[in-house]
Amino acid sequence: MDIAALVSGGVDSSVTIFQLKEQGFDPTIFYIKIGMEDEHGYIDCPSEEDIEITTYIARKYGCKFEIVSLHEEYWENVVSYTIEAVKRGLTPNPDMMCNKLIKFGSFEQKWGKDFDKISTGHYATTSLLDGKTYLSTAKDKVKDQTYFLGQVNYLQVNKLMFPIGNLLKSEVREIASRERLPSADRKDSQGICFLGKIDYNDFLKRYLGEKPGEIIDLETGKTVGEHKGYWFHTIGQRKGLGLSGGPWFVVKKDIDENILFVSNGYDPETQYGKVVNIAGFQFITEDIWGDFSDVKNIKFKIRHTPEFTEGKLTKINDIYRIESAEKIQGIAPGQFAVIYDETATLCLGSGMII
RNA sequence: UGUCCGAUGGUGUAGUGGUAGCACAGCAGAUUUUGGUUCUGUUAGCCCAGGUUCGAACCCUGGUCGGAUAA
């Protein structure tokens, strides 16, 4: 079986190679360059060290190694999507789009198609049900990364391998240090990858500029301050408002009027919600309930959190709706709601929060 | 103009003679493959000038500023 293994130089993806070799496979390693420099020199993803480590891994395990670039694709799909979404007042999720469109999209079209499987270092698993592959959660429920995979489709899931999905993070670290992998002690990667060391707000300022507007207390209707552009704030956000007498949380945006609505205090009701409406919901594999019509008990996430929330899923025409069992904070349109089965073992699908 | 009240970190406030606290904001770090949340740490202050006192944010006098009220 021919396996294309995506390796980033981090601990997780490094260990996948060890795992694959243990299982008798001989993967071809791919390092995808996406850190792109635009005309302003503002996108920057320092990849030297990553490539160095990946090269070492390839040599250590005697794997073929290719460095490929998806700069253009990344820019056209992920970065522009991010900017467009933010401009419309949404909260984008570039990393989910990167998985869907780049790692398992463009890569597949250009190189992956020649392989039987694509392996990555995600904390996720797949399982077979009635002969069909389903995306499933990882053994390490805290590190589980199925949320970021919620937008992939059946063809992609069918072809994916997650060699560390059945390991705990601690076990991965153990293997890495036992195998003396240079990435053993590297910090977990975090943050939007294309930004590198660039501050997200700087990035937005660069592309969208500043546009002062009012901050209004939703409860009293009073203007309590000024912001520099609605795109610098997302629903549920506390940091960055600069208002005293808080804490204050962003609860609503008016894009046309460029107004930010906030609520004050630690537990105002306006900060929470129980209903999440989802547009464009799609099952990754298929509707496990058959013809979905009534109400189903599910678990879900509206952002990458350690816990799964309980809720009920219903369908209203083209829109799916989650009724959360408990009130949840920061329901941000543009983010994806990812649906799991009742036991949080199968990742069923996702759609965009509206 | 008279009278009264107030003046404490960026903001809102505790502290009535003895080391100036708290909240929010800010900053830093932890957590997190999305700017979110959460957690930890931290910066920064007694309107000014005199006086009383061993010692003053606190008491007294004057000034400055803000608010109220009277004509």
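Just so you know, these numbers use all the heavy atoms, side chains as well, and skip hydrogens, waters and symmetry mates.
- Across residues 303-311 of chain A, R303(A), H304(A) each have a non-hydrogen atom less than 4.0 Å from an atom of RNA chain B (numbered order).
- Toward the 5' end of RNA chain B, the nearer of the two residues F249(A) and L149(A), judged by each one's closest nucleotide, is L149(A).
- The aromatic rings of F281(A) and Y320(A) are tilted relative to each other, their planes meeting at an angle between 30° and 60°.
- Looking at heavy-atom distances under 4.0 Å, F232(A) makes contact with a base.
- Taking atom P in both rG63(B) and rG18(B), the straight-line distance is 29 Å, to the nearest Å.
- As rounded to whole Å, 14 Å separates atom P of rG36(B) from atom OH of Y147(A).
- Atom CD1 in I302(A) sits roughly 13 Å away from atom P in rU37(B) (whole-Å rounding).
- Residue D144(A) contributes atom CG, which lies 14 Å from atom P of rU34(B) at whole-angstrom precision.
- Distance N264(A) CG to rU11(B) C1': 13 Å, rounded to the nearest Å.
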- With both pairing distances under 3.5 angstrom for Watson-Crick or G-U wobble, and | for a partner in another strand, the correct string for RNA chain B is (((((((..((((....[..)))).(((((.......)))))....(((((..]....)))))))))))).

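- Separation of the P atoms belonging to rA25(B) and rG41(B) is 15 Å when rounded to the nearest angstrom.
- Using atom P as the reference point in both rG62(B) and rG21(B), the two lie 32 Å apart (nearest Å).
- For rA57(B) and rA20(B), the P atoms lie 9 Å apart once the distance is rounded to whole Å.
- Comparing the C1' positions of rU43(B) and rG6(B) gives a spacing of 28 Å, expressed to the nearest Å.
- T91(A) comes within contact range of at least one nucleobase, with a heavy-atom separation under 4.0 Å.
- Side-chain contact of D50(A) with S8(A): a donor-acceptor pair under 3.5 Å is absent, judged by distance alone.
- E326(A) places its CD atom 19 Å from the P atom of rU37(B), with the value rounded to the nearest Å.
- For Y272(A) (side chain) and E326(A) (main-chain N/O), no donor-acceptor pair under 3.5 Å exists by modelled atom type.
- Geometric assessment of K299(A) against the ring of F308(A) yields a negative cation-pi assignment under the 6.0 Å and 45° thresholds.
- Between F148(A) and H304(A), the distance from one ring center to the other falls under 6.0 angstrom.
- Of the candidate nucleotides rC24(B), rU34(B), rU38(B), rC24(B) has the atom lying nearest to any side-chain atom of S244(A).
- Nucleic acid contact for G10(A): none, since no nucleic acid atom lies under 4.0 Å from a heavy atom of the residue.
- Closest heavy-atom contact between T125(A) and A138(A): CG2-CA, 4.3 Å.
- The aromatic rings of F30(A) and F115(A) lie perpendicular to each other, with more than 60° between the two planes, well past the 30° mark.
- Counting any heavy atom pair closer than 4.0 Å across all strands shown, I331(A) reaches no nucleic acid atom.
- Heavy-atom nearest nucleotides on RNA chain B were determined for G89(A) and for L243(A), and the one closer to the 5' end corresponds to L243(A).
- Straight-line distance between the P atoms of rC46(B) and rG9(B): roughly 7 Å, to the nearest whole Å.
- Here the P atom of nucleotide rC24(B) and the CG atom of D217(A) are 17 Å apart, to the nearest Å.
- A side-chain donor from one of D341(A) and T345(A) sits under 3.5 Å from a side-chain acceptor of the other.
- rA44(B) and rU37(B) have their P atoms separated by 26 Å, given to the nearest Å.
- Here the P atom of nucleotide rG26(B) and the CG atom of N201(A) are 11 Å apart, to the nearest Å.
- Across all strands, Q237(A) comes closer than 4.0 Å only to sugar-phosphate atoms, never to a base (heavy-atom distances).
- Although no hydrogens or angles enter the test, the distance criterion places no donor-acceptor pair under 3.5 Å between the side chain of D2(A) and the main chain of D114(A).
- Looking at K296(A) and D294(A), a side-chain N of the basic residue comes within less than 4.0 Å of a carboxylate O on the acidic one, giving a salt bridge.
- Note on K21(A) versus D26(A): salt bridge recorded, some NZ/NE/NH1/NH2 to OD/OE distance being below 4.0 Å.
- Across all strands shown, G330(A) has no heavy atoms under 4.0 Å from either base or sugar-phosphate atoms.
- The W248(A) side chain lies nearest to rC24(B) when the options are rC24(B), rU37(B), rU34(B).
- Nucleic acid contact class of P247(A) (heavy atoms, under 4.0 Å, all strands): sugar-phosphate only.
- To the nearest angstrom, P of rU34(B) lies 18 Å from CD1 of I102(A).
- Here, rG45(B) and rC22(B) have their P atoms 15 Å apart, quoted to the whole Å.
- Judged as a salt bridge (charged side-chain N to carboxylate O under 4.0 Å, His left out), the pairs with a partner in residues 99-112 of chain A (not counting sequence neighbours) are, in order, E73(A)-K110(A), E108(A)-K159(A).
- Here K143(A) lies in heavy-atom contact (under 4.0 Å) with sugar-phosphate atoms only.
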